[in-house]
Amino acid sequence: MEKHGIILFDGVCNLCNGFVQKIIKADSQDFFRFASLQSETAKTLLANHPIEYLSLKTIVYIEDGRIYSKSDAALRIAAHLKGAWRLTHLASIFPKTFRDWIYDIIAKNRYQWFGRQQQCMVPTAELRSKFL
C-alpha cells in the first residue's frame, strides 16, 4: 500500500460517499485506495493510533506512513488531483485551527444536511480494486 494514498471515510455518510465518488473520477493516476472507517481494514490500519481517528468525525488520509485528518487530509488529497481540485490548496493559507473549525461544523451537521445510508457503500465490480 506504500505506493497508494489511503482514504478512510464514514461509509454511511452521503457527503463522504459523494466525496469518494468525485475523487475516484478525478484520480487519473489510480493513486488512491479507500476503506470505510467502520471496516476491519480501518481498525487494523489505525490500531496503533489515537482512537479519535475511528470516531467517524473525520476523514483520515494515510500517505507514506503518515496520518492526516480533517482539513489537512482534505488538502493533501486534493493536492494529488488535477484541475479545479488543486485550487483547494489555497485554503492552506488559513490557520489549521480555522480550517478545522469549519471542517468540524460540516462534520457535526453532515447527516442532517446531506443524509446517511443504512449501510456502507458497496463498490461496483469495476471499482472493487480501489477498496481495501
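Just so you know, these numbers come straight off a predicted model, no measurement behind them.
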With sequence neighbours excluded, tell me which residues meet side chain to side chain contact (heavy atoms under 4.5 Å, CB included) with [X].
{"X": "S92", "value": "L75, H89"}
{"X": "K25", "value": "none"}
{"X": "D104", "value": "K70"}
{"X": "A74", "value": "none"}

To the nearest 0.5 Å, tell me how far [X] [atom1] sits from [Y] [atom2].
{"X": "S71", "Y": "I59", "atom1": "OG", "atom2": "CD1", "value": "11.5 Å"}
{"X": "I62", "Y": "I7", "atom1": "CD1", "atom2": "CD1", "value": "10.5 Å"}
{"X": "K3", "Y": "Q29", "atom1": "NZ", "atom2": "CD", "value": "12.5 Å"}
{"X": "K22", "Y": "N17", "atom1": "NZ", "atom2": "CG", "value": "12.5 Å"}
{"X": "F9", "Y": "S36", "atom1": "CZ", "atom2": "OG", "value": "6.0 Å"}
{"X": "L37", "Y": "T58", "atom1": "CG", "atom2": "OG1", "value": "8.0 Å"}

| field | Listed partners of F94 passing ring-ring contact (aromatic ring centres under 6.0 Å, His included), at least two apart | value |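 For F94 the ring-ring contact (aromatic ring centres under 6.0 Å, His included) partners, ignoring immediate neighbours, are F98.
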| request: Could you tell me which residues satisfy ring-ring contact (aromatic ring centres under 6.0 Å, His included) with F34, sequence neighbours excluded, listed by chain and number? | output: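 Applying ring-ring contact (aromatic ring centres under 6.0 Å, His included) to F34 gives F131.
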Any chain of hydrophobic side-chain contacts (each under 4.5 Å) joining [X] to [Y]?
{"X": "Y61", "Y": "I24", "result": "yes"}
{"X": "Y111", "Y": "I106", "result": "no"}
{"X": "Y103", "Y": "I93", "result": "no"}

| query | Is any side-chain heavy atom of F32 closer than 4.5 Å to a side-chain heavy atom of I77? | reply |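 A side-chain contact exists here, since the closest heavy-atom pair is under 4.5 Å.
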| said: A side-chain contact here means heavy atoms from C-beta on lying under 4.5 Å apart; do I67 and L46 qualify? | reply: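 Heavy-atom side-chain distance check passes, below 4.5 Å.
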| field | F31 backbone acceptor or donor facing H4 side chain under 3.5 Å | value |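 A pair under 3.5 Å: yes.
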| Main-chain N/O of L81 paired to D27 side chain as donor or acceptor, under 3.5 Å |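 Checking the backbone N and O of L81 against the side chain of D27, no donor-acceptor pair under 3.5 Å is found.
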| request: Would you kindly check if the NZ (Lys) or CZ (Arg) of R76 is within the cone defined by 45 degrees around the ring axis of Y68 and under 6.0 Å from the six-membered ring centre? | output: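 Checked: cation-pi criterion met.
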| Residues which pass side chain to side chain donor-acceptor pair (under 3.5 Å) with N14, listed by chain and number, not counting sequence neighbours |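 Q117.
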| said: For K43, is there an ion pair with E40 - N to carboxylate O distance below 4.0 angstrom? | reply: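 A salt bridge is present here (some side-chain N lies under 4.0 Å from a carboxylate O).
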| said: Restricting to salt bridge (charged side-chain N to carboxylate O under 4.0 Å, His left out), what partner residues turn up for D72, sequence neighbours left out? | reply: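 Salt bridge (charged side-chain N to carboxylate O under 4.0 Å, His left out) check on D72 returns K96, R99.
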